[in-house]
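Okay, so here's the structure we're looking at.
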Amino acid sequence: MDFISIFSIFVMACFVGYYVVWSVTPALHTPLMAVTNAISSVIIVGALIAAAAASQGDGGQTAKWLGLIGVVLASVNIFGGFAVTERMLAMYKKKERK
Amino acid sequence: MRHALIGASALLFSTPALAASGEAVNPWVALAYLVAGVLFILALRGLSSPETSRAGNRYGMIGMLIAVVTTLVTHDIASLPEIGIAIAIGGAFGFIVARKIAMTDMPQLVAGFHSLVGMAAVLVGVAAYLNPGAFGILDDAGEILTVSRIELGLGVAIGAITFSGSVIAFLKLNGNMSGAPIMLPLRHVINLGVLAAIIGLTGYFSVMPTVDSSTIFWTILVLAFLIGFLLIIPIGGADMPVVVSMLNSYSGWAAAAMGFTLGNTAMIITGALVGSSGAILSYIMCKAMNRSFISVIAGGFGAESGPADGAEKIDRPWKRGSAEDAAYMMKQAENIIIIPGYGMAVAQAQHALREMADLLEEEGANVKFAIHPVAGRMPGHMNVLLAEASVDYDKVFELEDINSEFAQADVAFIIGANDVVNPAAKTDKSSPIYGMPVFDVEKAKQVFFIKRSMGGVGYAGVDNEVFYMDQTMMLLSDAKKMCEDIVKAL
């Protein structure tokens with residue numbers, strides 16, 4: 001994709017983000033941070049590409065290991081972020097009282 | 001060699017080897033990343049109400065699964081076992097931490113997670129720099145594309161700032177480091193200089209031939225780690241909601257920058273979402289403190305909370321009450337509004353507080369909780385704690401929704417909050433918190449104020465008129481113990 005198409009997607013996504021986030025209820029701001037944390041770990045895609053690439057010289061070998069460490073860090077975040085969000089959201093409930 | 005992780009999708013997404021260059025030629029691949037991006041939007045959309053939020057979180061998980069599987073099946077993978085182990089190690093650790101963490105420690109956890117995103121962005125950026133061929137960012141002459149160099153430079157810089165800044169935020173929130181601002185002389189000059197150097201070097205990096213550029217690349221990285229550290233150390237504990245939100249935003253921009261490098265829609269959409277989310281939260285927090293973003297980032301707020309003016313106010317008369325007094329008077333009350341603050345989190349008083357509220361409701365009182373946007377150490381911190389203690393979220397109100405009700409309230413029960421109920425914010429122009437929206441507790445017929453001692457003042461270091469009002473009764477004790485005592489007395 002050329003730069004301008006990518007940039008267009010980016011700008012549009014910023015607007016989508018703006019409107020979506022304003023509609024989040026303040027009571028859920030902490031889960032919002034936890035879940036944005038989890039999804040920003042989509043950076044794992046980059047780490048996977050680095051880790052998966054066939055080593056080309058010294059740089060490739062180092063890049064592979066850096067990629068693998070990146071995969072570990074991003075995985076902590078993905079699993080941890082979604083799990084802790086799930087745990088928090090399970091607590092928000094309306095009780096049936098009397 | 002192609003590993004068919006999921007047979008069907010591998011067939012569906014099978015691409016020529018060109019895909020390894022990051023240029024997704026197969027429209028299915030681009031589509032899969034787009035679907036992942038849309039699912040992430042739905043994940044945030046779900047948070048507009050507690051009912052839809054759980055489904056939203058699932059959408060997020062599915063989106064992530066799609067993004068990971070798509071990446072794995074469309075690249076020639078030379079090291080699948082290692083990748084599997086890496087995911088297993090990271091995933092298991094993250095999962096266990098997420099299960100075990102106490103809800104009061106959420107701010108630290110979130111700051112810690114931000115640092116990992118930042119570091120991951122740095123690692124990806126460095127890997128792309130070392131092995132540009134695998135990321136498809138080489139031109140015909142074997143040089144890294146100019147636009148990719150700018151993205152890489154910015155990406156690693158933002159990632160590094162996110163990392164070191166979040167580490168400091170984590171240490172401050174976790175109590176490993178004093179929450180007090182650390183003020184270096186000339187810090188504004190130093191910070192601006194370092195920032196300018198990073199931007200200048202990134203520009204220089206983009207025009208240099210690849211072979212000579214490595215020193216510049218590493219310098220950008222080191223300076224970015226440094227600036228993240230320098231930016232956060234002068235910021236005090238109670239400004240942390242803004243800092244955590246800001247770092248949240250940065251982690252998003254870092255992911256977006258890497259998304260540009262890879263031409264990956266899922267990363268760009270996510271980065272933009274997270275970036276705007278953090279920015280909006282920072283804005284909300286700043287507005288709730290009536291402070292500009294710049295003044296928070298400049299830091300130092302709360303540094304001069306002087307014991308000097310602490311001396312004079314001891315003389316003023318105030319009333320001390322006991323748990324029995326409070327219990328007796330609240331039994332008669334009809335409308336009770338509880339205002340929790342960071343002190344409640346520190347004392348872990350949320351469960352005892354809920355028990356107290358339940359008993360009062362049995363006595364026929366109408367109990368509501370009022371939460372200030374900046375109460376606690378991160379946005380929504382108090383809401384999570386009350387939810388943990390299974391307080392019905394229908395009883396929890398935001399500042400602007402409940403503030404008019406104090407005039408009808410029989411009791412305002414303040415537990416671990418201070419600055420957010422200080423009327424000086426409305427009246428005293430010289431006060432550091434002037435202009436901050438606060439709860440009108442002085443309109444309530446009776447005020448109970450749980451505080452550990454009369455000595456300490458709030459974060460802003462200002463005396464609070466509420467202590468000395470006729471209708472105020474100070475309950476000097478640990479917040480949790482006081483709630484338990486009131487429960488007993490009820």
Side-chain angles (χ1 to χ4, degrees), chain A residues 1 3 6 9-10 13-14 16-18 20-21 23-24 26-30 32-33 35-37 39-43 45-48 50-54 56 59-60 62-63 66-86 88-89 91-92 94-95, chain B residues 40 44-45 47-48 50 53-54 57 60-61 64 67 71 75 77-78 82-83 86-87 89-91 93-95 97-98 110 113 116-117 119-121 123-124 126-127 130-131 134 147 248 251-252 255 258 263 266-270 272-274 276-277 280 379-380 383-384 387-388 392-393 398:
Chain A
M1 262 191 286
F3 180 76
I6 299 179
I9 296 174
F10 175 71
C14 285
V16 172
Y18 179 86
V20 169
V21 172
S23 76
V24 171
L28 293 178
H29 276 163
T30 298
L32 171 68
M33 298 199 93
V35 83
T36 50
N37 221 312
I39 65 173
S40 60
S41 303
V42 72
I43 194 137
V45 167
L48 286 171
Q56 293 158 340
T62 318
L66 293 177
L68 282 175
I69 301 170
V71 172
V72 174
L73 298 183
S75 304
V76 172
N77 242 319
I78 293 171
F79 285 82
F82 282 124
V84 85
T85 309
E86 190 79 12
M88 278 191 278
L89 293 177
M91 295 191 248
Y92 285 84
K94 238 187 272 189
K95 256 178 299 172
Chain B
F40 291 149
L44 299 198
R45 184 74 188 96
L47 290 170
S48 56
S53 61
R54 283 173 277 269
N57 200 33
M61 293 181 200
M64 189 60 77
T71 310
H75 286 82
I77 296 179
E82 288 101 315
I83 290 177
I87 294 180
I89 295 174
F93 179 74
F95 193 75
V97 170
V110 167
F113 278 172
L116 298 183
V117 179
M119 197 58 189
L123 293 173
V124 173
V126 173
L130 293 176
N131 191 4
V147 65
N248 183 244
S251 69
M258 289 303 145
M267 283 167 82
I268 292 171
I269 295 178
T270 314
L273 286 178
V274 178
S276 351
S277 163
I280 289 171
N383 301 78
V384 172
E388 187 199 9
D392 202 340
Y393 63 72
E398 300 299 317

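Each chain gets a letter, A, B and so on, in the order its sequence line appears, and its residues count up from 1. For the numbers below, each heavy atom of this structure counts, side chains included, while hydrogens, waters and symmetry mates do not. These numbers come from a predicted model, not from an experiment.
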Counting heavy-atom pairs under 4.5 angstrom with chain B, the leader among A:Asn37, A:Leu66, A:Leu32, A:Val35 is A:Asn37

Bottom line for B:Glu388: the part with an atom under 4.5 Å from chain A's heavy atoms is both

Residue among A:Ser75, A:Gly81, A:Gly46 with most heavy-atom pairs under 4.5 Å to chain B:
A:Ser75

Under 4.5 Å from any heavy atom of chain A - which part of B:Ser48
both

B:Asn57 CG to A:Thr85 OG1 distance, which is reported to the nearest 0.5 Å:
5.0 Å

Minimum heavy-atom separation for A:Gly17 to B:Leu273, with atom names?
CA-CD2, 3.5 Å

For A:Ala50 and A:Gly67, work out which heavy atoms get closest and say how close.
CB-CA, 3.9 Å

Where on A:Ile78 is there a heavy atom nearer than 4.5 Å to chain B: the side chain, the backbone, both, or neither?
side chain

Structural part of B:Val384 lying under 4.5 Å from a heavy atom of chain A
both

Report the option among B:Ala67, B:Ala272, B:Ala255 that has the most heavy-atom pairs separated by less than 4.5 Å from atoms of chain A.
B:Ala272

Contact part of A:Val24 toward chain B, heavy-atom cut-off under 4.5 Å: side chain, backbone, both or neither?
both

Quick one: does any side-chain atom of B:Thr270 pair with a main-chain N or O of B:Ala266 as donor and acceptor, under 3.5 Å?
yes

Among A:Ala74, A:Ala52, A:Ala13, which has the most heavy-atom pairs under 4.5 Å with chain B?
A:Ala52

So do A:Val21 and B:Leu47 actually touch side chain to side chain, heavy atoms under 4.5 Å?
no

So, taking the atom named CE in B:Met258 and the one named CG in B:Leu123, what distance separates them when rounded to the nearest 0.5 Å?
10.0 Å

Chain A heavy atoms under 4.5 Å from B:Met64: which part of the residue, side chain, backbone, both or neither?
side chain

Calculate, to the nearest 0.5 Å, the distance between atoms CG and CD1 belonging to B:Leu44 and A:Ile39 respectively.
4.5 Å

Contact origin within B:Met61 toward chain A - heavy atom pairs under 4.5 Å:
both

Tell me, out of A:Val45, A:Ile69, A:Val16, who's got the most heavy-atom pairs with chain B below 4.5 Å.
A:Val45

Please check if the side chain of A:Tyr92 supplies one atom and the backbone of A:Ala27 the other of a donor-acceptor pair under 3.5 Å.
yes

I'd like to know which of B:Ser276, B:Gly91, B:Gly380, B:Ala120 tops the heavy-atom pair count under 4.5 Å against chain A.
B:Gly91

Between A:Cys14, A:Gly70, A:Ala83, which residue shows the highest count of heavy-atom pairs closer than 4.5 Å to chain B?
A:Cys14

Name the residue from A:Val76, A:Thr36, A:Leu73 that meets the side-chain contact (heavy atoms from CB on, under 4.5 Å) definition with B:Phe113.
A:Val76

